[in-house]
Amino acid sequence: MKRDANLISFKDGFLVHACDSSGGIGMLKYDLVKVPIEVTARYTFRTVIMEVCSIGALPLSVSAEFANDPEYSQRAIEEIKKMAKEFSILPVFSTEKNFKTFQTGLGISIVGFTQKPILGGAPKGCEVFVAGYPLVGIEVIEMEEKMLKLDDFFNLRNCKEVGEMIPVGSSGILEEAKLLAQNSDRRLNLDCDLPYLKKSGGPSTCVVFWAYEKPKLDLNLTKIGTLE
């Protein structure tokens, strides 16, 4: 099965390791999207925690690597510390101490553990949904109300009707939905042609998932097809 994470098998379960990176998004001279660096850190962290938890793993540790000096990186470090505390996970950091940089660069990794990954297993005829809307770059700030909130993501993950979930990245909703089908040895029968299906999902502003029936949650869910 394919996912944007490594699953390492142990006797009593699986170690799950996911990562994400961000470049050119911050407040340095050559950054292409100008936002405070703590915003960059928050959304990068969000992407990785969603990938780990979507598989059903409990996050254990987070590392953040900055291609920038400690002074510039400090506000982002404090933001990651705050988010790590919310999930009761241990953070570790590295910054660039030898060279002056002119563009923001950040990588975040999270390691988690699960006894039973939530992958594959979709029955024939189950429906595929999208929650949230794909946003990238400055759209994330300007249209934040369209994105899937982190609390709503966890409500979905804890919903008994929901099977495998995939946070949507740069490959877009359609490719992630195809992967969802592939992981269950099914074929995606697409029943809509929405213009944003091939659009980048940026920092996982939406997720695609299959469900036994439509989740009874107060969320804007869009059905895009079935698995046959």
Side-chain angles (χ1 to χ4, degrees), residues 1-10 12-22 39-64 79-92 106-122 128-135 140 144 147-171 173 175-177 179-180 183-184 201-212 215-221:
M1 293 186 187
K2 295 182 179 180
R3 286 295 297 261
D4 287 338
N6 285 332
L7 274 74
I8 304 167
S9 178
F10 287 87
D12 56 347
F14 293 84
L15 197 67
V16 179
H17 183 198
C19 66
D20 191 45
S21 63
S22 176
V39 174
T40 307
R42 186 185 315 135
Y43 282 109
T44 309
F45 182 101
R46 165 197 167 93
T47 299
V48 190
I49 200 77
M50 287 173 67
E51 184 64 39
V52 170
C53 294
S54 68
I55 296 173
L58 177 70
L60 301 174
S61 177
V62 56
S63 68
E79 183 70 22
I80 294 169
K81 283 181 178 178
K82 182 174 70 174
M83 296 186 77
K85 186 176 181 180
E86 291 177 7
F87 289 93
S88 300
I89 58 179
L90 298 173
V92 62
L106 166 64
I108 291 182
S109 294
I110 292 178
V111 174
F113 183 82
T114 180
Q115 290 184 318
K116 188 177 181 181
I118 306 174
L119 296 170
V128 179
F129 297 89
V130 173
Y133 190 88
L135 302 170
V140 177
E144 187 177 14
M147 70 188 295
L148 179 67
K149 294 181 176 62
L150 203 52
D151 286 347
D152 290 332
F153 163 79
F154 284 108
N155 288 336
L156 268 175
R157 180 61 287 166
N158 293 328
C159 187
K160 67 181 187 309
E161 293 92 355
V162 175
E164 184 174 1
M165 301 172 65
I166 301 182
V168 177
S170 58
S171 60
I173 292 169
E175 291 305 313
E176 303 290 22
L179 179 60
L180 202 69
N183 285 347
S184 290
S204 298
T205 58
C206 60
V207 297
V208 61
F209 64 92
W210 64 261
Y212 297 102
K216 299 175 178 65
L217 296 173
D218 186 20
L219 284 177
N220 184 18
L221 303 177

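Both backbone and side-chain heavy atoms feed into the values below; hydrogens, waters and symmetry mates do not. Everything numeric in this text was worked out from a predicted model, so none of it was measured.
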Visitor: What is the minimum heavy-atom distance between Ala18 and Val52, and which atoms define it?
Guide: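 Where Ala18 meets Val52 most closely, the heavy atoms are CB-CG2, 3.7 Å.
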
Visitor: Between Phe154 and Phe87, is the gap from one ring center to the other below 6.0 Å?
Guide: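 Yes: the rings meet the under 6.0 Å criterion.
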
Visitor: Whether the side chain of Arg157 engages the backbone of Asp152 through a donor-acceptor N/O pair (distance < 3.5 Å, no angle test) should be reported.
Guide: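 Looks like no, no N/O pair under 3.5 Å.
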
Visitor: For the atom pair CH2 (Trp210) and CD (Glu164), what is the distance rounded to the nearest 0.5 Å?
Guide: 8.5 Å

Visitor: Is the backbone of Tyr43 close enough, under 3.5 Å, to the side chain of Thr47 for a donor and an acceptor to pair up by distance?
Guide: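 Yes; at least one donor-acceptor contact below 3.5 Å.
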
Visitor: Would you name the heavy atoms of Val16 and Ala57 that are closest together and state the gap between them?
Guide: CG2-CB, 3.8 Å

Visitor: Measure the spacing between CG of Asp20 and OG of Ser109 and express it to the nearest 0.5 Å.
Guide: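 Rounded to the nearest 0.5 Å, the CG-OG separation comes to 9.0 Å.
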
Visitor: Looking at Ala64 and Ile108, what are the two nearest heavy atoms and their distance?
Guide: CB-CG1, 4.1 Å

Visitor: Can you confirm whether more than 12 heavy atoms, excluding those of Asp218, are under 6.0 Å from its CG atom?
Guide: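 Open: at most 12 neighbouring heavy atoms sit under 6.0 Å from CG of Asp218.
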
Visitor: To the nearest 0.5 angstrom, please state how far the CD1 atom of Ile110 sits from the CD1 atom of Ile89.
Guide: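 Rounded to the nearest 0.5 Å, the CD1-CD1 separation comes to 4.5 Å.
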
Visitor: Measure from the side-chain N and O atoms of Asn220 to the backbone N and O of Ala131, and report whether any donor-acceptor pair falls under 3.5 Å.
Guide: no

Visitor: Enter the distance from Ile80:CD1 to Ser63:OG here, rounded to the nearest 0.5 Å.
Guide: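 Those atoms lie 9.0 Å apart.
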
Visitor: What's the shortest heavy-atom distance between Val111 and His17, and which atoms?
Guide: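 Minimum heavy-atom separation between Val111 and His17: CG2-CD2, 3.8 Å.
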
Visitor: Calculate, to the nearest 0.5 Å, the distance between atoms CD1 and CG belonging to Ile173 and Leu180 respectively.
Guide: 12.5 Å

Visitor: Go through it in stages, so that I can follow the logic: the residues are Ser9 and Phe14, the test is side-chain contact (heavy atoms from CB on, under 4.5 Å), and I'd like the CA-CA distance, side-chain angles, deciding distance and then a yes or no.
Guide: CA-CA 5 Å; Ser9 178; Phe14 293 84; 3.7 Å; yes

Visitor: Looking just at side-chain N and O atoms, do Arg46 and Thr205 make a donor-acceptor pair shorter than 3.5 Å?
Guide: no

Visitor: Take Val62 and Met83, measure what side-chain contact (heavy atoms from CB on, under 4.5 Å) needs, and give me the verdict at the end.
Guide: CA-CA 10 Å; Val62 56; Met83 296 186 77; over 6 Å; no

Visitor: From Leu156 CG over to Ser54 OG, what is the distance, rounded to the nearest 0.5 angstrom?
Guide: 11.5 Å

